[in-house]
Engineer: 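Can you keep this structure in mind? I'll have questions shortly.
These figures come from a predicted structure and were not determined experimentally. Order of listing sets the numbers, starting from 1, for every ligand and every atom in it.
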Amino acid sequence: MSTTDATLTTPTGGPSLAQERRLVTSIPGPRSQELLDRKAAAVPAGVGHTVPISAVAAGGGVVVDADGNSLIDLGSGIAVTTVGNAHPRVVAAVQEQIAQFSHTCFMISPYESYVAVAEKLNELTPGDHDKRTALFNSGAEAVENAVKIARKFTGRPAVVAFDHGYHGRTNLTMALTAKSMPYKSGFGPFAPEVYRMPASYPFRDHLTGPEAAAKAISLIEKQIGADNLAAVLIEPIQGEGGFIVPADGFLPAIVDWCKANGVVFIADEVQSGFARTGSWFASEQFGIVPDLVTTAKGIAGGLPLAGVTGRAEIMDASHAGGLGGTYGGNPVACAAALATIEAYAEEDLAARAREIGEILTARLSAVDDPRIGEVRGRGAMIAAEFIDPATGAPAPELAGAVAKAAIAEGVIVLTCGTYGNVIRFLPPLSIGDELLGEGLDIVLAALAAA
Ligand SMILES: *Cc1c(COP(=O)(O)O)cnc(C)c1O
C-alpha cells in the first residue's frame, strides 16, 4: 500500500480495532508529518509531544495513526484510558447524554449523573466514614480545591508536599510540584506557604518507612509547626516522580501524625487511582484512610473529570458558592465516569491490573542487565529505573534512547522520574497478553541495543 494512498480510511476505534502492531511507514509517516508541521505553526512550542504521530483511532491495546500504522499502547494517554480507548460502554453513555443535554452548569441546575458519580466515589474511596465529593475538570483543579477545602476547615495556611511529587501545572500546583524542568522553570513566582519534605524513596534513601517518616515529621515540626499546617499532600505511589513506592510504614506513620495534630491528609490518587495499581485506590495497599482523596485521569475513560472526595465535616466546612466552576462535573463527563466505573467493576479490571503487573514485573526482573537499577510499582503501574552500573547514578540518556527507539518500532512507552531515568509502563487494562508481551519484547530489544 502506498503511504499516501488516498483510499486510506479511518478505522473505528474501540476494542474491535485490529489488535496488532503494524508499521506501514516509518514514524512519523507523511500524513502524521503533515499534522506535526501544522502543529508547529499553530500550537506553541511549550505544548510538546512524545510520540510523533497523528492519532486517528484507538482501542484495546493499540493507537492507529493517519498513515495506517498501529502502535502498541503502553501509556494509556498517561494512565487515563485505563478501561481502554473508546470503550463501548463509555461511547454509548456519552452518545446518549450528549443527545439529552450537554451542560446546564451544576451550580445553576443540578442533574442526577453528578450526584451519582459523587455517591460512587464516596462508596469506593477508602474508609467507611461519612463522605462528600465535589467534581472538577482536571487533576490540578482537584488538587487546588483539596488545598482550599483543607485550609478552610483548619483555618491554617501551610501545605506540605514532597520531594519527587507532581500535582499539576496551575500556579498552586506548580508550587506543590517538585521538579523545575520542565514544569516550573521560568513560570514563577509561585504560591506561598508550600513546604517540601523528603519522601520515602527506598532505592535511593535506603531508609525504612518509619525512618523516612520520622525524618519528614521532624522537619515539619521544626520548619512549620503543626499549628500552622493545613494539609499534607502526597501521591501514595509517586507518578511523574518515577513510580516511587514508599517503604512499608511510611504512609501510615505520616497519616497517624496528621491525625494526632489536626492536619488534613490528602492522597493525590490522580495517577494511581481507579484500578491502576490493582485495587480501586493505591491507598488501600498501604492500609491508609486519607481524609481527602483527589482523583482524575482514569475516572471517565478519557473525558475530562476530576474529584475531591473526603470526610463530610472537612468537605462541608466551605461556605456555599465557595467551591465549583462552570464546567465542573459536566454531564457528558459524568455519564462517561459512571460507565467507566461500571466497566472496572463488571470486567474486574483491578484483577487484570494485578495480572499485568505480574507479567511486567516477571519479564523486567528476569532481564540480566546491570543498567536496570530497580523494577518497581504495583499492578499496571510498573517502572524500571535505569542507572550507570559503575556509579549507581541516574541514566536519563539511556531511558530516553530506549523510549525513542521503542516508539520508532511502534510501541508507545513513556519516561518519568525526577532524574528522567525511568521507563514507565501504564498499559490500558484492555490490552491482550500477546500485545503486551510484544511491546515488552521491543522495549527490551531497544535496551539491549542501546
Ligand atoms: C497528572 C497528575 C495531576 C494533574 O492532573 P491534570 O489533569 O493534568 O491537571 C495531578 N496529580 C497527579 C498525581 C498526576 O499524575
Side-chain angles (χ1 to χ4, degrees), residues 46-50 75-82 125 134-148 150 159-179 182-184 187 190-191 194 196 199 201 231-246 251 265-277 281-283 285-286 290 292-309 325 327-330 333 336-337 340 377-383 414-418 422 424-426:
V47 183
H49 61 261
T50 305
S76 305
I78 320 186
V80 169
T81 52
T82 306
T125 49
L135 298 177
F136 303 97
N137 301 295
S138 71
E141 210 188 335
V143 171
E144 291 243 359
N145 277 279
V147 170
K148 276 171 65 171
V159 183
V160 159
F162 286 83
D163 208 4
H164 314 291
Y166 179 84
H167 302 288
R169 297 170 184 270
T170 58
N171 188 263
L172 176 58
T173 59
M174 275 194 293
L176 293 163
T177 290
K179 192 174 173 180
Y183 307 123
K184 304 167 75 166
F187 296 135
F190 303 112
V194 172
R196 190 165 321 287
Y201 191 165
V232 168
L233 167 70
I234 192 164
E235 303 154 81
I237 296 176
Q238 293 183 308
E240 302 302 301
F243 285 20
I244 303 165
V245 182
L251 290 172
F265 180 89
I266 307 170
D268 183 352
E269 292 249 21
V270 166
Q271 191 157 159
S272 58
F274 289 103
R276 177 52 61 186
T277 63
F281 295 95
S283 292
Q285 304 195 21
F286 301 98
L292 302 180
V293 179
T294 56
T295 53
K297 293 196 167 97
I299 193 173
L303 275 85
L305 189 71
V308 180
T309 302
Y327 294 111
N330 169 272
T340 300
R378 297 280 171 93
M381 186 174 181
I382 300 289
L414 310 174
T415 61
C416 65
T418 294
V422 177
R424 58 172 150 175
F425 298 91
L426 287 168

Engineer: Is the shortest N/O to N/O distance between Gly139 and ligand 1 below 3.5 Å?
Structural biologist: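 There is such a contact, yes.
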Engineer: Need the ligand 1 atom indices (1-based, order shown) with element for anything under 4.0 Å from a heavy-atom of Asp268.
Structural biologist: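 Selected atoms, number and element: 10 (C), 11 (N), 12 (C), 13 (C).
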Engineer: With a 3.5 Å cut-off and no angle check, do the side chains of Thr294 and Glu269 form a donor-acceptor pair?
Structural biologist: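 No pair is found: no donor N or O on one side chain lies under 3.5 Å from an acceptor on the other.
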Engineer: Got a protein heavy atom sitting under 4.0 Å from atom 8 (O) of ligand 1?
Structural biologist: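 Flag for atom 8 (O) of ligand 1 set to false, no protein heavy atom closer than 4.0 Å.
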Engineer: Of Val143, Ile266, Leu176, which meets side chain to side chain contact (heavy atoms under 4.5 Å, CB included) against Val159?
Structural biologist: Leu176
Engineer: I need the atoms of ligand 1 closer than 4.0 Å to a non-hydrogen atom of Glu235, numbered in the order shown.
Structural biologist: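 Contacts of ligand 1 toward Glu235, numbered from 1: 13 (C).
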Engineer: Does NZ or CZ of Lys297 come closer than 6.0 Å to the centre of the six-membered ring of Phe274, within 45° of the ring's axis?
Structural biologist: no
Engineer: Return the set of residues passing salt bridge (Lys or Arg N to Asp or Glu O under 4.0 Å) with Glu144 (not counting sequence neighbours), or none when no residue passes.
Structural biologist: none
Engineer: Please indicate whether any nitrogen or oxygen in Glu141 is less than 3.5 Å from any nitrogen or oxygen in ligand 1.
Structural biologist: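 No; every N/O pair is 3.5 Å or more apart.
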Engineer: Go through ligand 1 atom by atom and flag the ones less than 4.0 Å from a non-hydrogen atom of Ser138.
Structural biologist: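 Result: 7 (O), 9 (O).
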Engineer: Compute the minimum heavy-atom distance from Lys297 to ligand 1 and say whether it is under 4.0 Å.
Structural biologist: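 True for this residue.
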Engineer: For residues 231-242, which side-chain donor-acceptor pairs fall under 3.5 Å, sequence neighbours excluded?
Structural biologist:
residue : atom : partner : partner atom : Å
Glu235  : OE1  : Gly239  : N            : 2.9
Glu235  : OE2  : Tyr166  : N            : 2.8
Gln238  : NE2  : Asp163  : O            : 2.9
Glu240  : OE1  : Tyr183  : OH           : 3.4
Glu240  : OE1  : Arg424  : NH2          : 3.0
Glu240  : OE2  : Gln271  : NE2          : 3.0
Glu240  : OE2  : Arg424  : NH1          : 2.9
Glu240  : OE2  : Arg424  : NH2          : 3.4

Engineer: State, without any angle test, whether His167 and Thr177 hold a side-chain donor-acceptor pair at a distance under 3.5 Å.
Structural biologist: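 No - no donor-acceptor pair under 3.5 Å links their side chains.
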Engineer: Using a strict 4.0 Å cut-off to heavy atoms of Ala140, name the atoms of ligand 1 that fall inside it.
Structural biologist: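 Within the 4.0 Å cut-off of Ala140, ligand 1 contributes 4 (C), 5 (O), 6 (P), 9 (O).
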